[in-house]
Number of protein chains: 2
Amino acid sequence: MVPMIQTGLELMTLKELAEHLGLSPTTVSRALNGFPEVSEATRKKVQAAADTYGYRPNYRARSLATGRAMAIGHVIPMASEHEMMNPVFTDFIAGAGEVYAKNGYDMLISIVPDQHQEQAYQDFKSKGSVDGIIVHAPRAGDRRIHMLNEVGIPFVVHGRASDAHEPYNWVDMDNKRAFHRATDFLLDLGHRRIALINGLEDMDFAIRRRAGVKEALEGRGITPDESLFFSNEMTEFNGYETGRRLLAIQDPPTAFLVSSIIPAIGLRRAIREAGLDVGRDVSIIIHDDDLSYLSNASGGQEPQFTATKSSVRDAGRKAATMLLDIIESGDTAPRTALMEANLILGRSTGPAPNRTTT
Amino acid sequence: MVPMIQTGLELMTLKELAEHLGLSPTTVSRALNGFPEVSEATRKKVQAAADTYGYRPNYRARSLATGRAMAIGHVIPMASEHEMMNPVFTDFIAGAGEVYAKNGYDMLISIVPDQHQEQAYQDFKSKGSVDGIIVHAPRAGDRRIHMLNEVGIPFVVHGRASDAHEPYNWVDMDNKRAFHRATDFLLDLGHRRIALINGLEDMDFAIRRRAGVKEALEGRGITPDESLFFSNEMTEFNGYETGRRLLAIQDPPTAFLVSSIIPAIGLRRAIREAGLDVGRDVSIIIHDDDLSYLSNASGGQEPQFTATKSSVRDAGRKAATMLLDIIESGDTAPRTALMEANLILGRSTGPAPNRTTT
DNA sequence: TAAATGCTCCAAACCGCTTTGGATGCCTGA
DNA sequence: TCAGGCATCCAAAGCGGTTTGGAGCATTTA
């Protein structure tokens, strides 16, 4: 049962293993892959020999023969100027990777300049190196979904494309609802000047979050002040800088909705530098992707930030599971999964302060 | 010259392309791969046809024939309990990925539970899915280096293993020197109670950083107070928690050396909560991996933290370049690259405050 | 002029595995 | 006793490329 790992020895091929056993490659292959045409006795013998010699099938050969690559591709876009590496990829990929590993799939990652993205997907298909693809960070007017549908390779989108009019598989968090609820909560606390520090505005999630905020404001008869809505890459510095500028205006916001914990950390820095207190003078609600190394949890205490929370790692697991299921079942009926975010109370929110100007 | 991308069509094989051209597969293959046995005229014709039909060679088939996988493997350990995903991986991988893409290599990533790591490397080799491996996060007593040397697959270590007595390829930052210099700088400012918030203590980089600190202290005739040295996973919360506890002791440190910007953000939070001022009451020097989304730079201004800075993305590029070079040259003479960190002045350091107790 | 040389191109083997279509031997039932 | 059925196993043909060892032909060289 326990495999005897042999290091430093020449690798063994199926043919060699078959010779050792005095069997044909056919039989050995079938024995190892659990086909019924081989007797239980020989199967045991073959399995034992494979373990002893540390035989492992060559994936390239197998995949050439079966037509299955046993690998999933992820394309990670690289905006060349910023050299920006989105931190949520890390956790998403960690989640997906768990699922792949459990099912014997490899994970192929391509770092691709933005402008070569479509070509990269084409290549995945034509080079035959993957069985399916995860599409990250869909944007408004994203052509990838249409393209992949045409190419006919299984794929799952992490997020949605609002303007895609064809069916496709996706796993998404209910961004609009989450930010609607968060806004409602701030309104309930008496806040009226509410700023939004969002991700890049052509990102689908950013569009939905903004829509959620507007919807909530309008639901209370408040005209959204678009001058308080900001879109940018979600870096610590951008959060800091936006906060600094906003706190210096005439009638500064009393509350901030922030799309990620990272810019929120910058925002908090700006607030403190302005001599204000988070949670008392200024409220913050973040969206918390539950990143493992930037946890919003505070070891049993109340979280630092009030947050809409949804684990992006879990989204990775869900997307990977969905994709593998599509590939292995061959059933192409479009699947979707909408995850709900929890609104979790932390120390960064409080009632709107009384201003000299009410 | 411009390839006409054909979507939705059946993929074309080399054999089919050859038939279309009235040539043999041999000639087509050679034409496309630039062998001299084919005339310039036919090469042009073949190339043009390949472009028109959007032909791309199947990587699995090619790699089976050539014995080269055209892929590099990265194993990312996953400590199952913590579900920790080290953020520096992201940037390192981004750097390496650029180099792979430029050279036509794929990047294979395996998320592997800590205890199955060695098996994962074995598998990489025996499954034949990669030509080389990058080893991440070497630890004290790390068996991977010995194992990979035995297995005989090209690899480059990001970091070093202090106790490895055999040659191997590595790319590392001079951790000891960086922390020595940082400590010297704090000593010059008059600090004597210096704390270290380090990474997990069996990590090689953590060992070297600690050694650098001790060496500097001893160089000035100061006996290191080991009760001020902490090792833990580099999360925001751990930085916060360690800071909180240390600031509450009898004779708290006046300066902190922190192994990453992430726990430093937590530490800063703790310092502010204690009503103290970073840079005046308490000094901080971090090591800055130059993560793209957590930049220490402040848009033209002085950086937030004084830091020893070395781009981990750049390390990724260097390691990938080294590995590809080893693979393609076949030259196994061990290579090493030691990167120097810059000591960059920010707003988090100042002279040691005068205590009532001098 | 005959042999040697180059230049192009091709047939076929091969990479390591899967899978189709038997082949073999033994057992059953009529 | 013999056809038919079943359980095992195998030879050989792929999968889609690369590569070895020529073949065919025009051009030089002796």
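Every chain is numbered from 1, with letters handed out A, B, ... down the list of sequences. Remember, predicted model here, so these are calculated numbers, not experimental data.
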#### Entry: Steps toward side chain to side chain contact (heavy atoms under 4.5 Å, CB included) verdict (B:I134, B:V156)
CA-CA 5 Å; B:I134 299 275; B:V156 170; 4.2 Å; yes
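Each end of the helix from C:dT1-D:dA30 to C:dA30-D:dT1 gets its own rotation axis from five pairs of C1' atoms, and the angle between them is 60° to the nearest 10 degrees.
Of all nucleotides in DNA chain D, those with any atom nearer than 4.0 Å to a heavy atom of chain B start and finish, going 5' to 3', at D:dG16 to D:dG21.
Sequence neighbours left out, the pairs with a member in residues 96-115 of chain A that pass ring pair (Phe, Tyr, Trp, His ring centres under 6.0 Å) are A:H74-A:Y100.
Residues forming a ring-ring contact (aromatic ring centres under 6.0 Å, His included) with A:H158 (at least two apart in sequence, or on another chain): A:F92. With sequence neighbours excluded, the residues forming a ring-ring contact (aromatic ring centres under 6.0 Å, His included) with A:H20 are A:Y53, listed by chain and number.
To the nearest 0.5 angstrom, B:T27 atom OG1 is 7.5 Å from B:R30 atom CZ. Taking CG of B:D91 as the reference point, atom CZ of B:R317 lies at 9.5 Å (rounded to 0.5 Å).
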Under a 4.0 Å heavy-atom criterion, the protein footprint on nucleotides 15-20 of chain C, written with B, S and -, is BBBBBB
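Just one residue in the list B:I72, B:L324, B:I327 forms a side chain to side chain contact (heavy atoms under 4.5 Å, CB included) with B:P154, and that residue is B:I327. Only one option out of A:L108, A:V151, A:I153 pairs with A:I133 in a side chain to side chain contact (heavy atoms under 4.5 Å, CB included); it is A:I153.
Looking at heavy-atom distances under 4.0 Å, A:T42 makes contact with sugar-phosphate atoms alone, never a base.
One finds no salt bridge joining A:D142 and A:R139 here, because no Lys/Arg side-chain nitrogen approaches an Asp/Glu carboxylate oxygen to under 4.0 Å.
With hydrogens and angles disregarded, a donor-acceptor distance shorter than 3.5 Å links the side chain of A:N169 to the backbone of A:R335.
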